[in-house]
Asker: 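Right, I'll just put the structure down here and ask away after.
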Amino acid sequence: TDQFRRVTLDSNIPLSDKLAVRGNFLHAYEEVPDRGPADRERNGAALSLSYDIMPNWNVTADYYYLKAEDKPDMGTYIPNGGNVVKNAPVYLQDSDFLNSEVDVFTLRTTYNFSPSLKLSNSARYGATDNAYVLTGGRTALRGLNDTAPGVTTWTPSAHQGWQEVEYFVNNLNLYWDVPTGPLYHEIVAGVEYSDVKVLNGIYSVTNTAPFNCRTGTAAANNQFCLTDPSGAAYANVGTLLGRNIVKGTFDSDYQIETVSVYLMDTIDITEKFSIFAGARYDEFDYSNLVGANPATRVLYDYSDGFWSGHIGAVFKPNDNTNVYLTYSSSNEINGGESDVGGTCGYGGICNGALIDLSKPERSDNIELGLKQQFFDDRLMLTAAIFETTKNDVMEGADYTNFGTLNTGQNRVKGYELSLVGNVTEQLAVQIGYSSMDSEVLKSAVPANIGAALSNFADQSAFAHVSYQLTPEFSFGGAMRYASERYGGQPDTGAAYNTTLNRYAITVPDYTVYDLFADYDFSEKTSLRLNVGNVGDTDYYLAAYRSGSFTYIGDKRSVQVTLSHAF
């Protein structure tokens, strides 16, 4: 269905006992189910060459390429304090696009000095071009002087940008297994260098077609209406705006160079008890030249460094059970998001005049978990409870350059369970459930305290069950569930409507079911049937903070795949 097609080829060729090559190739296309002409296209390749220079020295080189060309559907709209507007028409323009092109080269080499000592180095160069011009939609009322006064319609908005990314990363690791008396150490020491450059820019998007409707009290047409008085999209909606798109200059030239060193050790105290710990230090030089107008661009730059680490223990009371406790920390620097300039609340440069006075945002995570094997290792149960606290959160004042320094604190705590493996020789399962509670603990704005984090599902679950009816034929189904989520800024939590005493933008919960069947004609040839969203359920994935676009999940689709090995 939906003009779906997907062709893949994976080939491994040994050229000698020391040299081998591998190639993966992909072409895929489909209209978004029930939302055409919105579509997705992917073309890609991955090529790899592995060479054993000596028995203890291997070199592997690979190249990855992907070109993604989409005509995206921005979905529907959620009014403040209201419900999702359903049956939204497809209103994208023929000129809309969301394109990415990726080239990545990687060279890895490993040298084994001995069975207990190994040196490994990975170097990667990559370049990515991203670009988009998209049409959003929101509801409005036709004006008093319109041909259909008071009727709800959709009006468009434009969203655009381009990005050129270039990076080089080199990672050197030494692995050393060291017995010291009754203890056994597994040591990893490393140094990493990265150089990342991101040029972000804008498009000039002009609507050249004449307006086709009236809003407010206007006596003449003053707006574009994407839907007619009946609520259906106009027949020519794809060209309604007559858009003229011109690539403009950059508005952010972001560069960051980082040197990192780290040391980790895993120590086997006994056969049943191990401890592990590690520390890492990162030092960076940051700069970001912000502004589309060359005469008023502002250069933000600073240097800093920070520590992070982890520590934990593993206890194995028997061969089937593993219990662990771990603590870890991580950091996010001020200005880490390259494309939002001085927008503090979206990860941009917070409080630009005082940029070097801010501390990194620090996350601390603690987790207690269990892994348990059953039925001769055919089935595994995993369980974990965890708490992640993000401290020193930089909060923004909407879209202004001024924000507050390290005034926020957010927390997520919860538990997750999963069961994976074979219940019987015929019945295989993958089942998981997680329950999490998110909360803003501290904020410069007291009203934010206690709010949930935006676009965050407190509960989620999945199940994938298959049954092997005969040696040739198997069938099964899958289920996905997510509880309701709320729109809002990422740093300050979900927005709250005090008048209605509820969250302002609510994305409803959903449960979606899929079905599948497989038939093996031979060891080399098989046929597979997939039915996605078999109930044709309406569901929604996430919402922008104002609700002005809310992403729609894929409706029902059917795919048949033939695979052959030769």
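Every heavy atom of this structure was used, including side-chain atoms; hydrogens, water molecules and symmetry mates were not.
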Asker: Before accepting this row, confirm whether a basic side-chain N of the pair D392/K359 lies closer than 4.0 Å to the acidic partner's carboxylate O.
Answerer: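 Yes, this pair counts.
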Asker: Between V198 and V196, is there a side-chain heavy-atom distance shorter than 4.5 Å?
Answerer: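 They are in side-chain contact.
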Asker: Side chains of V420 and V429: does their closest heavy-atom pair fall under 4.5 Å?
Answerer: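 No, every pair of side-chain atoms sits at 4.5 Å or beyond.
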Asker: For the side chain of S546 and the backbone of S548, is there at least one donor-acceptor N/O pair under 3.5 Å apart?
Answerer: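 Indeed, once roles are kept as given, a pair shorter than 3.5 Å links the two residues.
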Asker: Go through the side-chain N and O atoms of N406 and S358 and say whether any donor and acceptor fall under 3.5 Å apart.
Answerer: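 S358 and N406 do not have a side-chain donor-acceptor pair below 3.5 Å.
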Asker: Evaluate side-chain hydrogen bond (donor to acceptor under 3.5 Å, both in side chains) for S100 paired with N130, printing each intermediate quantity in order.
Answerer: CA-CA 4 Å; S100 294; N130 302 311; 2.8 Å; yes
Asker: Looking at F250, Y132, F97, which hits ring pair (Phe, Tyr, Trp, His ring centres under 6.0 Å) with Y203?
Answerer: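 Of the listed residues F250, Y132, F97, the ring pair (Phe, Tyr, Trp, His ring centres under 6.0 Å) partner of Y203 is F97.
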Asker: Under a 3.5 Å cutoff, is there a donor and acceptor pairing between the side chains of N173 and Y262?
Answerer: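 Side chains of N173 and Y262: pair found under 3.5 Å.
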Asker: Counting only heavy atoms not in F211, do more than 12 fall under 6.0 Å of its CZ?
Answerer: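 Yes.
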Asker: What are the two closest heavy atoms between E395 and K442, and how far apart are they?
Answerer: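 Smallest interatomic distance, heavy atoms only, reads OE2-O, 4.5 Å.
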Asker: Does the T76 side chain pair with the main chain of V85, one donor and one acceptor, at a distance under 3.5 Å?
Answerer: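 Indeed, once roles are kept as given, a pair shorter than 3.5 Å links the two residues.
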Asker: Please check if any side-chain donor atom of N533 sits under 3.5 Å from a side-chain acceptor atom of R556, or the reverse.
Answerer: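 There is no such pair (donor and acceptor under 3.5 Å, judged by atom type) between the side chains of N533 and R556.
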Asker: Could you state the interatomic distance from CG (L141) to SG (C213), rounded to the nearest 0.5 Å?
Answerer: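 Here the rounded value is 11.0 Å.
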Asker: Distance from I366 atom CD1 to H310 atom NE2, nearest 0.5 Å?
Answerer: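 The NE2 atom of H310 is 14.0 Å from CD1 of I366, to the nearest 0.5 Å.
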Asker: Give a yes-or-no answer on whether the side chains of S252 and N288 include a donor-acceptor pair shorter than 3.5 Å.
Answerer: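 There is such a pair (donor and acceptor under 3.5 Å, judged by atom type) between the side chains of S252 and N288.
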Asker: Using atom types as modelled and distance alone, determine if a side-chain donor or acceptor of D437 lies under 3.5 Å from a backbone N or O of G414.
Answerer: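 No.
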Asker: Not counting sequence neighbours, list each pair that qualifies as a salt bridge (charged side-chain N to carboxylate O under 4.0 Å, His left out) and has a residue in residues 273-298.
Answerer: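 Passing the test, one end in residues 273-298: E192-R280, R280-D282.
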Asker: Could you tell me whether E484 and R502 make a salt bridge, using a distance below 4.0 angstrom between a side-chain N and a carboxylate O?
Answerer: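 So E484 does not pair with R502 through a salt bridge.
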Asker: Output yes when R480 and D514 qualify as a salt bridge under the 4.0 Å nitrogen-oxygen rule, no when they do not.
Answerer: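 Salt bridge flag = yes for D514 with R480.
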Asker: Heavy-atom distance under 4.5 Å between the side chains of L134 and L98, does that happen here?
Answerer: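 Yes, at least one pair of side-chain atoms sits under 4.5 Å.
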Asker: Short question: side chain of E361, backbone of M394 - any donor-acceptor pair under 3.5 Å?
Answerer: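 Indeed, once roles are kept as given, a pair shorter than 3.5 Å links the two residues.
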Asker: Is a side-chain N or O of D96 found less than 3.5 angstrom from the main chain of T135, in a donor-acceptor match?
Answerer: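 Such a contact is found between D96 side chain and T135 backbone.
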Asker: Run the side-chain hydrogen bond (donor to acceptor under 3.5 Å, both in side chains) test on N99 and E69 for me, step by step, so that the C-alpha distance in whole Å, both residues' side-chain angles and the decisive distance to 0.1 Å come before the verdict.
Answerer: CA-CA 5 Å; N99 298 337; E69 297 178 293; 4.8 Å; no
Asker: Is the backbone N or O of A218 less than 3.5 Å from a side-chain atom of N145, with the two atoms forming a donor-acceptor pair by type?
Answerer: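 Side chain of N145 to backbone of A218, a donor-acceptor pair under 3.5 Å: yes, one is there.
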Asker: For Y503, check ring-ring contact (aromatic ring centres under 6.0 Å, His included) against everything at least two apart and list the hits.
Answerer: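 By the ring-ring contact (aromatic ring centres under 6.0 Å, His included) rule, Y503 matches Y486, Y496.
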Asker: Would you call S438 and N410 a side-chain contact if the rule is heavy atoms closer than 4.5 Å?
Answerer: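 Not touching, per the 4.5 Å side-chain cut-off.
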Asker: Looking at K86, is its backbone amide N or carbonyl O close enough to the side chain of D538 to form a donor-acceptor pair, meaning the two atoms are under 3.5 Å apart?
Answerer: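 No; zero donor-acceptor contacts below 3.5 Å.
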Asker: Where the side chain of N448 meets the backbone of A451, is there a donor-acceptor pair that is under 3.5 Å apart?
Answerer: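 Side chain of N448 to backbone of A451, a donor-acceptor pair under 3.5 Å: no, none is there.
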Asker: Do N322 and L370 have side chains that get closer than 4.5 Å, going by heavy atoms?
Answerer: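 With C-beta onward as the side chain, the pair stays apart.
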Asker: Does the side chain of S435 come under 3.5 Å of the side chain of Q459 through a donor N or O and an acceptor N or O?
Answerer: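 No donor-acceptor contact under 3.5 Å links the two side chains.
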Asker: Taking atom types as modelled, is there a side-chain donor on S460 or S434 under 3.5 Å from an acceptor on the other?
Answerer: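 On atom types as modelled, these side chains qualify, holding a pair under 3.5 Å.
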Asker: Which class fits the ring pair Y544 and F549: parallel under 30°, tilted 30 to 60°, perpendicular over 60°?
Answerer: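 The rings of Y544 and F549 lie parallel, inter-plane angle below 30°.
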Asker: For residues 322-338, pull every pair meeting salt bridge (charged side-chain N to carboxylate O under 4.0 Å, His left out), keeping only residues two or more places apart or in separate chains.
Answerer: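 Counting only pairs at least two positions apart or across chains, the salt bridge (charged side-chain N to carboxylate O under 4.0 Å, His left out) contacts touching residues 322-338 are E332-K390.
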Asker: Are a donor atom and an acceptor atom from the side chains of S418 and T382 found within less than 3.5 Å of each other?
Answerer: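 Distance-only check passes for S418 and T382.
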Asker: Where the side chain of W162 meets the backbone of I202, is there a donor-acceptor pair that is under 3.5 Å apart?
Answerer: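 Confirmed, W162 side chain pairs with I202 backbone.
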Asker: Give, for atom CG of L368 and atom CD of E387, the distance between the pair rounded to the nearest 0.5 Å.
Answerer: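 Going from CG on L368 over to CD on E387, the span is 12.5 Å.
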Asker: Evaluate the criterion ring pair (Phe, Tyr, Trp, His ring centres under 6.0 Å) for residue pair Y91 and F224; output intermediate values, then yes/no.
Answerer: CA-CA 12 Å; Y91 48 81; F224 292 104; over 10 Å; no
Asker: Is the number of heavy atoms from other residues, nucleotides or ligands within 6.0 Å of CG (N293) greater than 12?
Answerer: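 More than 12 heavy atoms, drawn from other residues, nucleotides or ligands, come within 6.0 Å of this atom.
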Asker: Would you say the side chains of R214 and N221 form a donor-acceptor pair under 3.5 Å?
Answerer: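 Checked: R214/N221 side chains pair up, N/O donor to acceptor below 3.5 Å.
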Asker: Side chains of F168 and R124: closer than 4.5 Å at any heavy-atom pair?
Answerer: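 No; the side chains remain at least 4.5 Å from each other.
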Asker: Can you confirm whether N212 sits close enough to L240 that some side-chain heavy atom of one is under 4.5 Å from a side-chain heavy atom of the other?
Answerer: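 Yes; the side chains approach each other to less than 4.5 Å.
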Asker: Say you draw a straight line from OG of S329 to CD1 of I311; how long is it, rounded to the nearest 0.5 Å?
Answerer: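 Result: 11.0 Å between the selected atoms.
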Asker: State whether D70 and R42 are salt-bridged, where the test is any N-O pair (Lys NZ or Arg NE/NH1/NH2 against Asp/Glu carboxylate O) under 4.0 Å.
Answerer: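 Counted as a salt bridge, because a side-chain N and a carboxylate O are separated by less than 4.0 Å.
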Asker: Using distance alone, with no hydrogens and no angle criterion, decide if S287 and D301 have a side-chain donor and acceptor under 3.5 Å apart.
Answerer: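 No, D301 and S287 have no side-chain donor paired with an acceptor closer than 3.5 Å.
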Asker: Quick one about T227 and T153 (side-chain donor to acceptor, distance below 3.5 Å, no hydrogens or angles considered), yes or no?
Answerer: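 Yes, a side-chain donor-acceptor pair sits under 3.5 Å.
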Asker: Under 30°, 30 to 60°, or over 60°: which ring-plane class applies to Y286 and Y254, parallel, tilted or perpendicular?
Answerer: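 Judged by the thresholds at 30° and 60°, the geometry between Y286 and Y254 is perpendicular.
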Asker: Would you say D39's side chain and K71's backbone share a donor-acceptor pair under 3.5 angstrom?
Answerer: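 The answer is yes, because a donor-acceptor pair under 3.5 Å joins these two groups.
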Asker: For Y481 and Y433, I'd like to know if the aromatic rings sit close, meaning centre-to-centre distance below 6.0 Å.
Answerer: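 So the answer is no for these two rings.
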Asker: Look at E166 together with K197 and state whether they make a salt bridge at an N to O cut-off of under 4.0 Å.
Answerer: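 No, this pair does not count.
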Asker: Decide side-chain hydrogen bond (donor to acceptor under 3.5 Å, both in side chains) for R243 and Q93; before the verdict, give the C-alpha distance in whole Å, the side-chain angles of both, and the deciding distance to 0.1 Å.
Answerer: CA-CA 8 Å; R243 279 196 165 154; Q93 298 298 289; 6.0 Å; no
Asker: Calculate, to the nearest 0.5 Å, the distance between atoms CG and CG belonging to D73 and L92 respectively.
Answerer: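 Going from CG on D73 over to CG on L92, the span is 6.5 Å.
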Asker: Flag the pair R40 and D554 as a salt bridge only when some basic side-chain nitrogen lies within less than 4.0 angstrom of an acidic carboxylate oxygen.
Answerer: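 Looking at R40 and D554, the cut-off is met.
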